[in-house]
K.L.:
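My questions all concern the structure below.
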Amino acid sequence: MGTEMDAQANCPFCAIVTGHAQARVVTADDRCLAFLAATPAARGHTLVIPRRHVADLWDTDADLAAALMRTTHAVAALLRARLRPDGLTLRQNTGPASGQHVAHLHVHLVPRWQGDGTIGWPHPPATQPDPDAVLAELRGD
Ligand SMILES: [Zn+2]
């Protein structure tokens, strides 16, 4: 069982925050950093991360989540102004089951252009769940 310090020592995104690893930084503020994805899904694919090491959204308090979204919103505006995409996909993976590969919270901003194809999404379950049962489960009814 690793400590948070071990996690940070082995974290490629913490290495970017501390300057021990190179990244193409798009913008930065006191709480967050935005940099180009090393293996982009599209031109301008940017990641936004908190400077503080947190593993994922479940490991994040509301205040830091709000700061992350403020920076994400600013980067979205920047991408629109500079690259003129037709759309934008936001994606945040929490946990390996979702496709999270780096265990440091990050949001993907992927500029989209008409006809550029799709980004992967889970296959729908073979049997559709009862939406009322799902709602009741979420509400605790
Ligand atoms: Zn980290």
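Order of appearance sets the numbers: ligands from 1, and atoms from 1 within every ligand.
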K.L.:
Give me the number of protein N, O or S atoms whose distance to the Zn ion (ligand 1) is under 2.8 Å.
P.N.:
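Atoms of protein N, O or S type lying less than 2.8 Å from the Zn ion (ligand 1) total 4.
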
K.L.:
Is the distance between the ring centroids of H106 and H104 under 6.0 Å?
P.N.:
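Between H106 and H104, which both carry aromatic rings, the centre distance is not below 6.0 Å.
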
K.L.:
Answer yes or no: does atom CZ of R80 have more than 12 heavy-atom neighbours from other residues, nucleotides or ligands under 6.0 Å?
P.N.:
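12 or below, so no.
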
K.L.:
Specify the closest pair of heavy atoms between L79 and P85, including all atoms of both residues, with the distance to one decimal.
P.N.:
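Looks like O-CD, 3.4 Å.
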
K.L.:
Output yes when D63 and R31 qualify as a salt bridge under the 4.0 Å nitrogen-oxygen rule, no when they do not.
P.N.:
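Looking at R31 together with D63, the answer is yes, because their closest N to O distance falls below 4.0 Å.
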
K.L.:
Less than 4.5 Å apart, side chain to side chain, heavy atoms only: is that true for F13 and L33?
P.N.:
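Side chain of F13 against side chain of L33, heavy atoms only: no contact under 4.5 Å found.
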
K.L.:
Under the rule for salt bridge (charged side-chain N to carboxylate O under 4.0 Å, His left out), what residues qualify as partners of D132, not counting sequence neighbours?
P.N.:
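Partners of D132 under the salt bridge (charged side-chain N to carboxylate O under 4.0 Å, His left out) test: none.
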
